[in-house]
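Everything on this sheet refers to the single structure shown next.
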2 protein chains.
Amino acid sequence: MTSTTPLLTTKEVATLESLPLDAGGELRQVKVGYETYGRMNAARDNVVLICHFFSGTSHAAGKYHPDDTQSGWWDAVIGPSKAIDTDRWFVVAMDVLGCIRTDAPHGVTTSPASLNPATGRPYGPELPPLTIADSVRAQRMVLDQLGVGRLAAVAGPSLGGMQALEWAIGRPDEVDRAIVAVSLAEFQAREMGLYRAMQDAIMLDPAFMGGYYDPQHPPVLGLGLAAKLMAILGSGREAMRAVPGRSWADSKRDPRRDAEAAWGVETWLDQAADAKVQTCDANAWLAMLRTNMRWDLAADHGSLEAAMARIQARVLLLPGSGDELVHGPSYHDPMAAALASAGVEHAVCPLPPYNGHLAAIQDIATAADAIRTCLERPLLVTR
Amino acid sequence: MTSTTPLLTTKEVATLESLPLDAGGELRQVKVGYETYGRMNAARDNVVLICHFFSGTSHAAGKYHPDDTQSGWWDAVIGPSKAIDTDRWFVVAMDVLGCIRTDAPHGVTTSPASLNPATGRPYGPELPPLTIADSVRAQRMVLDQLGVGRLAAVAGPSLGGMQALEWAIGRPDEVDRAIVAVSLAEFQAREMGLYRAMQDAIMLDPAFMGGYYDPQHPPVLGLGLAAKLMAILGSGREAMRAVPGRSWADSKRDPRRDAEAAWGVETWLDQAADAKVQTCDANAWLAMLRTNMRWDLAADHGSLEAAMARIQARVLLLPGSGDELVHGPSYHDPMAAALASAGVEHAVCPLPPYNGHLAAIQDIATAADAIRTCLERPLLVTR
């Protein structure tokens, strides 16, 4: 049934007593934030897992209060009668391990900003290196607590798409469908370099102090610079043209004549940086950069083809046709080719160019039909 | 006549007692570095001015010594029997004002790193804001000293192309041909933002100290980060694929398992940064970023069309077909359209995609025929 009232949700937090890590050892008393939309059916075969992007959280849909100004980031496709129809599917959105957010009610998942139960201080730079497979392992354990077995689908944009791939490749007999937007099998030199530049920016800030910064005085300038780079590179060229680039930040001061004056784009960048600085932890951002850089399906499975050949799920790829960060021809074409050569059922539906990488959030509604088809068309193989 | 011995050259330095600036006031005792190749003819109508890119200098061709490992940056097209044939043309390559280089024999032109004759200390952050028109004014004065009147051509890549445009538009009756590679009429929001991010990087370094750094301890980390961003964004996507991205920087340490280990691309970036840090001044880099950001032909002349309509020269545009910094469709297409609507004689010859923005240096030989045609075909209008 279609509902005209907004989908309402709350942030839930699961606790894992012990999580084994790829790096060796374990994390104790791990917290994982999640939200659910819709209801699990009696057969427990209607569960769709949603995974989030770099600076996102598990607030993928709905509102906490009817008067919230913003809904979750994939609200355009999650809800009653929407592409991921919550009248049919039980949707579970879950945080990535090391989620970089610290703002309430989002900052609940174990990350470098969390208190280490063994010391009572934040983990800071001492949290072991995390992988995307670590996150998927944690998500599996939380789903076990919720009584969920196999997943009808796992879906997400960017880092969320990597998690979807890790689910479908690492746990092929647990996933029926994988929806992978603006995502990748491994970072290549250009994007590795850009992520390393963001790392340098954070570490360059004198307030960073090797990661042992005063929580009241975090390295906001370094983190802000990293956020500016992400904002520019994530936005599409066309969207950037709508940014007030050459207008004057102060209408009375011409930056071409006045060395102290600024252009509109500088104000835009400062605002983009402020928004992230107020909601993200610098150590967590750093760790997340390295987690992303570690992601490498070919290294894990011998080759990209071997990785893709493990998949039993139906795959939907949603490349961004104007994506400059996860560039379609560099990143999605090899994945599509490997899926084809492995004989994996898959479809490709490009997102529009305007918003670049961010099209996977801002324009996800353009892929609604492709997502619905992926979810609702009968599976060829019944397991 | 074709010569098989290398073209040999020396760095010359001209002095201008006083240079009026767009910002108001004047600079005293301005030094401008230049080099010449070939000989001026009796009619003095064979002079080609070469202007350089952001981190370049007037060492555009030839060698200082026969055993130099490298030739000047446009040596592929400047020399006896080459596209800019020094048996026919008297080529003058000249530094931009504020040239960011400090290494011998390159660092000779007045910049923030130069001693202020009034104080005996480096100008540092106190050098007035410079414009590209200021550079062209200085170049005009140096050419006057050399006895050069009108220019048969002015040519350059990137920032050098902006200087060529400023010559052709600001001094239309002094320029017969303008060759403009990977260049632009104004920076747009995306590139303004990237340049602002480089500025932030330099200023974030605690060694920067508001620009009053110890010359023995300059802000090498901040400047290095700016250089890394320029290296990534200047290189083409295809060229970046040849960078050792995911290889291990240390063959014994796997960066996926070892939090202290690095990937090959990180070593590549460090080397790119070191090369710039050792040859460039941080205050000069900062000032050059703002000089670039100030460049705006439409603001100077009312509209891009009005600017281009001033041109009396034949124009050759060399956009980079893989250029991600000065993106052809964003930057060259509007210039070509404005030239066409103004009825200016012009041609467009795209450079190959592989090296991105840097194709204008590394692959300039692919445009040799177009450059030769631009220079040698009779002018339609004899003035």
Side-chain angles (χ1 to χ4, degrees), chain A residues 22-24 125 128-129 131 186-194 196-197 200-201 203-206 221-222 224-225 228-229 231-233 235 237 240-246 254-259 262-266 268-269 272-273 287 290 293-296 298-300 324 327 329-330, chain B residues 22-24 125 128-129 131 186-194 196-197 200-201 203-206 221-222 224-225 228-229 231-233 235 237 240-246 254-259 262-266 268-269 272-273 287 290 293-296 298-300 324 327 329-330:
Chain A
D22 279 354
T131 66
E186 88 292 309
F187 283 83
Q188 297 167 6
R190 179 179 176 277
E191 289 69 32
M192 296 274 281
L194 292 168
R196 168 59 196 259
D200 285 2
M203 297 178 77
L204 190 53
D205 191 324
L221 294 176
L225 176 50
K228 289 179 186 182
L229 290 170
I232 297 168
L233 298 163
S235 301
R237 278 188 186 278
M240 280 303 290
R241 263 179 231 130
V243 166
R246 300 199 64 85
D254 177 0
R256 300 185 72 213
R257 303 283 168 242
D258 179 344
W263 279 278
V265 66
E266 299 177 88
W268 179 85
L269 282 172
R290 299 304 283 192
M293 290 165 80
R294 272 178 214 118
W295 172 244
D296 188 339
D300 282 340
E324 302 216 317
H327 182 232
S330 304
Chain B
D22 278 355
T131 66
E186 88 293 308
F187 282 83
Q188 297 167 7
R190 179 179 177 279
E191 289 70 29
M192 296 274 281
L194 292 167
R196 169 58 196 258
D200 285 1
M203 297 177 78
L204 190 53
D205 190 324
L221 294 176
L225 176 50
K228 289 178 186 181
L229 290 169
I232 299 167
L233 298 163
S235 301
R237 277 188 187 278
M240 281 302 290
R241 262 179 231 130
V243 166
R246 299 199 65 85
D254 178 358
R256 299 185 73 212
R257 302 283 168 243
D258 178 344
W263 280 278
V265 66
E266 299 177 87
W268 179 85
L269 282 172
R290 299 303 285 190
M293 291 165 79
R294 272 179 214 116
W295 171 244
D296 188 339
D300 282 339
E324 301 215 318
H327 182 232
S330 304

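So that the names make sense, note that chain A is the first sequence line, chain B the second, and so on, each numbered from 1.
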- prompt: When only pairs under 4.5 Å are counted, which of B/Thr131, B/Leu233, B/Val243, B/Asp200 shares the most heavy-atom pairs with chain A?
  reply: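 It is B/Asp200.
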message: Taking every non-hydrogen pair under 4.5 Å, which of B/Ala259, B/Pro129, B/Ala197, B/Ala23 racks up the most with chain A?
response: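 Heavy-atom pairs under 4.5 Å are most numerous for B/Ala197.
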Taking side chain as everything from C-beta outward and backbone as N, CA, C, O, which of these in [X] sits under 4.5 Å from a heavy atom of chain B? Side chain, backbone, both or neither.
X	value
A/Trp268	neither
A/Ala287	neither
A/Arg196	side chain
A/Met203	neither
A/Leu204	both

State the [atom1]-[atom2] distance between [X] and [Y], to the nearest 0.5 angstrom.
X	Y	atom1	atom2	value
B/Lys228	A/Leu194	NZ	CG	12.0 Å
A/His327	B/Arg237	NE2	CZ	4.5 Å
A/Trp263	B/Met192	CH2	CE	5.0 Å
A/Ile232	B/Leu229	CD1	CG	9.0 Å

Structural part of [X] lying under 4.5 Å from a heavy atom of chain A:
X	answer
B/Leu221	both
B/Glu191	side chain
B/Leu269	side chain
B/Ala273	neither
B/Arg241	side chain

message: Using the rule given for side-chain contact (heavy atoms from CB on, under 4.5 Å), can you reason through A/Val265 versus B/Arg190, listing the C-alpha separation, both sets of side-chain angles and the distance that settles it, and then say yes or no?
response: CA-CA 8 Å; A/Val265 66; B/Arg190 179 179 177 279; over 6 Å; no
Selection from A/Gln188, A/Met293, A/Glu324, A/Glu186 maximising heavy-atom pairs under 4.5 Å formed with chain B: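 Result: the option with the highest number of such pairs is A/Met293.
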message: Can you tell whether the side chains of B/Arg256 and A/Asp296 come within less than 4.0 Å, N to carboxylate O?
response: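 Looking at B/Arg256 and A/Asp296, the cut-off is not met.
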